[in-house]
Amino acid sequence: MEGRRKIHQLPVVEKLIAVLLIASFSFQICASDSDVIYSDSFDESFDSRWIVSQKDEYKGVWKHSKSEGHDDYGLLVSEKARKYAIVKDLDESVSLKDRTIVLQYEVRLQNGLECGGAYLKYLRPQEAGWQPKEFDNDSPYSFMFGPDKCGSTNKVHFILKHKNPKSGEYVEHHLKSPPSVPSDKLSHVYTAVLRPDNEVRILIDGEEKTKANFLVADDFEPPLIPAKTIPDPDDKKPEDWDERAKIPDPNAVKPDDWDEDAPMEIEDEEAVKPEGWLDDEPEEIDDPEATKPEDWDDEEDGEWEAPKIDNPKCEVAPGCGEWKRPMKRNPAYKGKWHAPLIDNPNYKGIWKPQQIPNPDYFELEKPDFEPIAAIGIEIWTMQDGILFDNILIAGDEKVAESYRLTTWKPKFEVEKEKQKAEEAASGLSDGLAGFQKKVFDLLYKIVDIPFLDAYKPKIIDLIEKGEKQPNLTIGVIVSVLVIILTFFFRILFGGKKPAVNASETRRDEPAETSNNQGTSGEKEDEDEDEKEDAAAAAPRRRPTRRDN
């Protein structure tokens, strides 16, 4: 009533303006509501809306739980080292043709994420008779979007499954330059904006991280549109094709004074034995305090000898034992002679097969997006404490922005302040903490550089250690720089290409391959048995100082 009186007391023009403003505001609210295609805040239990997969492999238990430090609820991954699958069948399929669609959700990695996924799958319409309780890894999807981190993988996936109009097969197309996953334990909101002009934008916490075009070949792997031409599979390199840019000079002659047999090092004739050198003293002596064990059997164990210790006389002298002149580099050393390289007069370049029209080529003005019929979470993770919240599908970017401001931003600010207080209590300044985050984000980008593939597992290990122990940040930076410099030195000075050892390669294998652990374990047991048998058969050797 009070509001009505105030309006009636206004002049006619002002009354009209007030009414128009109220009407405009009401219209905006209605428009915003109509642009919300689907949303779930998980304020109430998910049991009546989401269906947990009944497949045997999905043992992980989902829980309706509060976010740590908040009264806000979410969908929680409650156990470690489990597979999880849950799905929400939409009332109506969402068409993505000729419109903007925004996919958005929040996730909080309350215990971090060392190895596992926290992404969503947007399922296309399934085959007739499909039941949500049958949801699994093979359930066809239109998009897969969200964080995934394990070993050398650290990315916010965006994958489109697109039907090839020529073959009729569905092909996975991966965003080539996905952003990395935030390395903290705060709530983050992930947004994918799909526009009718073929543009896709990936945002984290409302900040644009990646922009791409579905039809640009360099933005997706493999490209949605195949190349117009391909190398001719029947084209063969001619036998006389010379690809050597440089060759040894055939007219070069080894100089007469070139001695290939000269050693690299020679004795330093100018060296003089230091005064006080103890020629007759050994570097090690029998430990005078050692006694023969009571259970030692000379017939079975052999003659007992005391273990060795460093000779205390040598510790105060320049050295002990026979003195020998040190070695120095031989100035006459030249190594094996090789003829110098010259330009190859027969060089034809690197041979490539000729290009022919690609029989699988097709043109495409727009991607043929499949409708979204359901939203699923199907992940394997070694971590618990992953909390999903505020899943949204909208037809307007402003709606998604409004959700971020009202649902995510307040929680994030509280968590950030708490994190700052904890860092201050542990002696870390705000500036240093921010610096560390930027450093680790940069290192995760550096590790994706192709020429560092051989070192990738090693660098990832260093980064993960640094994230767990921020005081190691400088050490991690130095270690990564040493690895990179080592690579360049090997290239510059002709070193061999670094090999990846088996244990490092294993880190990049999918987690599912862990099913072979039983076979591997049996092999290790057999090896251990063989070692023990060999040790038992061998005579007991004399214990040394190092053994003690």
* Asked: Which residue pairs pass the ring pair (Phe, Tyr, Trp, His ring centres under 6.0 Å) test when at least one of the two sits in residues 209-228, sequence neighbours left out?
  -> F214-F220, F214-F369

* Would you find a donor on one side and an acceptor on the other, under 3.5 Å apart, between the side chain of D205 and the backbone of E207? -> no

* Residue pair L224 / P367, side-chain heavy-atom distance below 4.5 Å -> yes

* Carboxylate-amine/guanidinium proximity below 4.0 Å for D368 and K97 -> yes

* Does one side chain, of Y141 or E172, offer a donor that lies under 3.5 Å from an acceptor on the other? -> yes

* Asked: Listed by chain and number, what are the ring-ring contact (aromatic ring centres under 6.0 Å, His included) partners of F158, not counting sequence neighbours?
  -> F143

* Asked: Within the side chain of S180, is there an N or O that forms a donor-acceptor pair under 3.5 Å with the backbone of K155?
  -> no

* Structure fact -> Correct closest heavy-atom pair for W380 and C115 would be CZ3-SG, 3.8 Å

* side chain to side chain donor-acceptor pair (under 3.5 Å) involving Y58 - partner list, sequence neighbours excluded -> E378

* **Check against side-chain hydrogen bond (donor to acceptor under 3.5 Å, both in side chains), N344 and D242** => CA-CA 9 Å; N344 182 2; D242 197 336; 2.9 Å; yes

* Asked: Do side-chain atoms of K211 reach the backbone of E208 as a donor and acceptor pair under 3.5 angstrom?
  -> no

* Of K161, E370, R124, which is the lone residue that meets side-chain contact (heavy atoms from CB on, under 4.5 Å) with P140? -> R124

* Closest contact, heavy atoms only, Y73 versus K66 -> OH-CE, 3.3 Å

* Asked: Can you check whether E106 reaches K411 side chain to side chain, under 4.5 Å on heavy atoms?
  -> yes

* To do: Could you pull out the closest heavy-atom pair between G395 and I37, with the gap in Å?
  => N-CD1, 4.0 Å

* Asked: For N164 and E169, does a side-chain donor sit closer than 3.5 Å to a side-chain acceptor?
  -> no

* **Pairing residues for R404 by the salt bridge (Lys or Arg N to Asp or Glu O under 4.0 Å) criterion, not counting sequence neighbours** => none

* To do: For N154 and V181, indicate whether the former's side chain and the latter's backbone hold a donor-acceptor pair under 3.5 Å.
  => yes

* Closest heavy-atom contact between K176 and D218? -> CD-O, 3.0 Å

* **ring-ring contact (aromatic ring centres under 6.0 Å, His included) partners of F42, counting only residues at least two apart** => W50

* With sequence neighbours excluded, what pairs up with H174 under the ring-ring contact (aromatic ring centres under 6.0 Å, His included) test? -> none

* **Y84 and W62 aromatic centres sub-6.0 Å** => yes

* Flag this pair as yes if the NZ/CZ of K166 is under 6.0 angstrom from the six-membered ring centre of F362 and inside a 45 degree cone about the axis; otherwise no. => no

* Asked: Mind checking whether I51 and I86 have side chains closer than 4.5 Å, heavy atoms only?
  -> no

* Asked: With a 4.5 Å limit on heavy-atom distance, are the side chains of I159 and L175 in contact?
  -> no

* Apply side chain to side chain donor-acceptor pair (under 3.5 Å) to Q355 and list each qualifying residue two or more places apart in sequence or on a separate chain. => T229

* Are any non-hydrogen side-chain atoms of Y361 and I230 less than 4.5 angstrom apart? -> no

* Quick one: does E243's side chain have a donor or acceptor within less than 3.5 Å of a partner on W351's backbone? -> yes

* Taking only residues two or more places apart in sequence, or in another chain, which ones meet D197 in a salt bridge (Lys or Arg N to Asp or Glu O under 4.0 Å)? -> R195

* **Side-chain heavy-atom pair Y38, L90 within 4.5 angstrom cut-off** => yes

* Main-chain N/O of T191 paired with Q104 side-chain donor or acceptor, under 3.5 Å -> no

* To do: Return the set of residues passing salt bridge (Lys or Arg N to Asp or Glu O under 4.0 Å) with D235 (not counting sequence neighbours), or none when no residue passes.
  => none

* Backbone N/O of N213 and side chain of N198: donor-acceptor pair under 3.5 Å -> no

* Qualifying residues under side chain to side chain donor-acceptor pair (under 3.5 Å), relative to D89, sequence neighbours excluded -> none

* Could you check if a side-chain atom of V189 sits within less than 4.5 angstrom of a side-chain atom of I204, using non-hydrogen atoms only? => no

* For N137, check side chain to side chain donor-acceptor pair (under 3.5 Å) against everything at least two apart and list the hits. => K121

* Going by heavy atoms in the side chains, are L123 and I372 under 4.5 Å from each other? -> no

* Looking at K163 and G168, what are the two nearest heavy atoms and their distance? -> CE-O, 3.7 Å

* Set of residues satisfying salt bridge (Lys or Arg N to Asp or Glu O under 4.0 Å) with respect to E44, sequence neighbours excluded -> none

* Residue pair T100 / E397, side-chain donor-acceptor N/O under 3.5 Å -> no

* **V171 to P222 - nearest heavy-atom pair and separation** => CG1-CG, 4.0 Å

* Assess whether side-chain hydrogen bond (donor to acceptor under 3.5 Å, both in side chains) is satisfied between S187 and E415, documenting all intermediate values. => CA-CA 8 Å; S187 296; E415 294 162 9; 2.8 Å; yes

* Check: D384/N111 side-chain N/O donor and acceptor closer than 3.5 Å -> yes

